[in-house]
Structure formats: structure tokens, C-alpha cells
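Data block below; observations after.
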Amino acid sequence: MYTDLNRPPLGVDALRRALVGDSPGDDPRAFYSSLDVVAETGSTNADLLARAADTALDRAVLVAEFQGHGRGRHARVWEAPPRSALAVSVLLRMPGLDVARLGWLPLLTGVAVVDALRTVAEVDAKLKWPNDVLIGGRKVAGILAEVAQTAPVPAVVVGVGLNVTLTQDELPVPTATSLALAGAATTYRDTVLRAVLRELAAQWNAWHADGWSTESLAAAYRARCGTIGQPVRVTLPGERVLVGVASDVDEQGRLVVAPDDGGEPVVVSAGDVTHLRPRD
Ligand SMILES: O=C(O)CCCC[C@@H]1SC[C@@H]2NC(=O)N[C@@H]21
């Protein structure tokens, strides 16, 4: 099934040197407490969630060269051939953050992935609400955040799956793409992973310094979101379909849609969005 297993492994020692601090702090270059790369696991999100009660794992990073049961949003699977994608999870706690704002973390992660890809891969990456990362209308990365109710502060495991060197034949669905297929300036996974984790740390630090306020974060999200201003079809829970124009995200990161039937704006907290101008 997989065409080329001779792809290079990630260089864990260099990644650790670049990203892990002796006493992890505000510097995005040494933000993380640990970084591990495993050859194979079921799901990096599941692995960190299972160990979320261990406070030593705050800001831990777990990367898998291959996931047998990668988890996607809406209970879907997330698949990629070995060593051709990034499958990375980070465990974060945000003391003092109102739990109602936890939902911003996957959106913040989306902002970080977009910035990393624009910078090192030189691609025109954009977000499709809530946090699919698209290039030319095709999905290159997905984000799944899951919460563990640890006391006194919940732990959030945020996972990123990013297609790097997948060939056309290896794409899980025709609407996906990879950095290689999108003509990225680099398909070196170490470079991309380093950029993603540094941007995530920088965004997280900025949000923390801002007292977990959502104003600047929402502005950063809007600036990178290709859904706002788009005609969209939204499949809501229960398979109800909403068609209209996405006008904004609100203070909780929910999508506001002006329906085509002229009704009141609908605030969407969960749903599957299709852009009706497919290249955006
Ligand atoms: O459905 C989506 O778009 C989200 C996909 C998230 C996949 C990543 S890969 C690393 C982490 N571990 C998982 O099991 N899922 C996430």
C-alpha cells in the first residue's frame, strides 16, 4: 500500500536541542518540557491523554512516525503513511483560563500552523473554520484538541496532523493535499515541525501575556481565516444543513453565518463547513 518507506526519520536530538528548555519558560525556543518521537503508536493524542494526570508532562511533545489509529474531528480517522506526515501532540495547561475559552486553543493552534507554513514552506495557507489548514482549497493539516479533566486545572492535548511528502496516490481523500504536492519551499519534516512548535509556543505565550483575552487572538484568527466572507454549506449536528455566507467568528470562536433564506444570523459552535468557492 505504501510506495516508499525509505523516507528519513525525524532527528530527535536536534529537535530537543531546539525546542526543549532546562526550565521551560517564555522563550518559544525553549518552551517545551520534553519531546519524544516514537516509531509507531495508535494515537499521540490518546497517549498523552492517558498520562495527563502526570504534571511532569505539562508542555510535553509527543511525535509519531506512524499512527495506526490517528484520531480526527467528528470521530473520524486520521491516516498517513509512515514518515511522510507530522503527527504531533502537545499537552498544555492554562491556569487561570476560564474553561469557556478553552475552545480557543485549537483555533490558536491553527493560527500557529498557518504562520509556520507561510514562513518556512512559503505556501499560501489559510484556515477553514474551525481549524482545517488549506492550501489552494485543499486540506494539508488538521487539528484535534481533547480535554482531560485533571484537577485543579484541566489539561488539553492538542494534536496536529500535517501531510508533508504524501504523493497523490497516498492522499486519504481527493480534497486533501501535501506540502510536496503544493510546491512548498521545504518538505523537510524537521524544519516544518520546528516551525510549527515554535509558532505554537509564541502564540501561546502571547495569549498568556494577554491574560487569556480573546480580542487579539480573534483578530489574528480572522486575519488567517479563509471562511469569513465565503459562501458556505454547513452540516450541523443531526445532519441539518445551513447554506449562507460566513460573516465572522464571535468572542467564543463560533462561526456566524447569514443564511441565504434571509433569516437571522446563525451561530455555529460545531459543524462541517464546505467553502462554496472551492479554491479558497
Ligand atoms: O480531523 C482533523 O482534521 C483533525 C486531525 C488531527 C490528527 C492529529 S495527528 C496527531 C494527533 N493524534 C491524533 O490521534 N490525532 C491528532
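What you see is a predicted model, and the numbers here were worked out from it, not measured in a lab. As the structure lists them, so they are numbered: ligands from 1, and atoms in each ligand from 1.
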* Could you tell me whether Arg198 and Asp27 have a side-chain N and a carboxylate O separated by less than 4.0 Å? => no
* List the closest protein heavy-atom neighbour of atom 8 (C) of ligand 1: residue, atom name, distance to the nearest 0.1 Å. => Gly161 N, 3.6 Å
* Thr119 OG1 to Glu199 CD distance, which is reported to the nearest 0.5 Å -> 5.5 Å
* Asked: Taking only heavy atoms of Gly72, which atoms of ligand 1 are found under 4.0 Å from at least one of them?
  -> 1 (O), 2 (C), 4 (C), 5 (C)
* Roughly how far, to the nearest 0.5 Å, is NZ of Lys128 from CD1 of Ile228? -> 14.0 Å
* For ligand 1, which atoms, with element, lie under 4.0 Å from some heavy atom of Val88? -> 10 (C)
* Quick one: do the Ser269 and Gln252 side chains pair a donor with an acceptor below 3.5 Å? -> no
* Asked: Yes or no on salt bridge (Lys or Arg N to Asp or Glu O under 4.0 Å) for Asp260 and Arg233, after CA distance, side-chain angles and deciding distance?
  -> CA-CA 10 Å; Asp260 279 355; Arg233 183 187 317 110; over 6 Å; no
* To do: Please name the residue in the list Leu86, Val88, Val133 that meets the side-chain contact (heavy atoms from CB on, under 4.5 Å) test with Val160.
  => Val88
* To do: Between Asn131 and ligand 1, find which residue part has any heavy-atom pair under 4.0 Å and reply side chain, backbone, both or neither.
  => neither
* Which is it for Lys139 and ligand 1 at heavy atoms under 4.0 Å: side chain, backbone, both or neither? -> side chain
* Do the charged groups of Glu251 and Arg222 touch, with an N to O distance under 4.0 Å? -> no
* To do: Pull out every atom of ligand 1 sitting under 4.0 Å from any heavy atom of Ile143, numbered as shown with elements.
  => 3 (O), 4 (C)
* Would you check the N or O atoms of His69, main chain and side chain alike, for any that come under 3.5 Å of an N or O of ligand 1? => no
* Roughly how far, to the nearest 0.5 Å, is CZ of Arg73 from CG of Leu144? -> 8.5 Å
* Nearest protein heavy atom with distance in Å, relative to atom 16 (C) of ligand 1 -> Arg71 O, 3.7 Å
* Kindly compute the distance separating CH2 (Trp207) from CG (Leu107), expressed to the nearest 0.5 Å. => 9.5 Å
* Atoms in ligand 1 with a heavy atom of Asp132 nearer than 4.0 Å -> 3 (O)
* Asked: Against heavy atoms of Thr44, which atoms of ligand 1 measure under 4.0 Å?
  -> 10 (C), 11 (C), 12 (N)
* Any idea which atoms of ligand 1 are less than 4.0 Å away from a heavy-atom of Ser89? -> 11 (C), 12 (N)
* Asked: So which protein heavy atom does atom 5 (C) of ligand 1 come closest to, and at what separation?
  -> Trp78 CE3, 3.4 Å
* Give the numbers and elements of all ligand 1 atoms closer than 4.0 Å to a heavy atom of Gly70. => 14 (O)
* atom 1 (O) of ligand 1 - nearest protein heavy atom and its distance -> Arg73 N, 2.7 Å
* Gln67 near ligand 1 by a heavy-atom separation under 4.0 Å -> yes
* Asked: CZ of Arg29: more than 12 outside heavy atoms within 6.0 angstrom?
  -> no
* Asked: Which of the atoms in ligand 1, numbered in the order shown and given with their element, are less than 4.0 Å from a heavy-atom of Ser43?
  -> 12 (N), 13 (C), 14 (O)
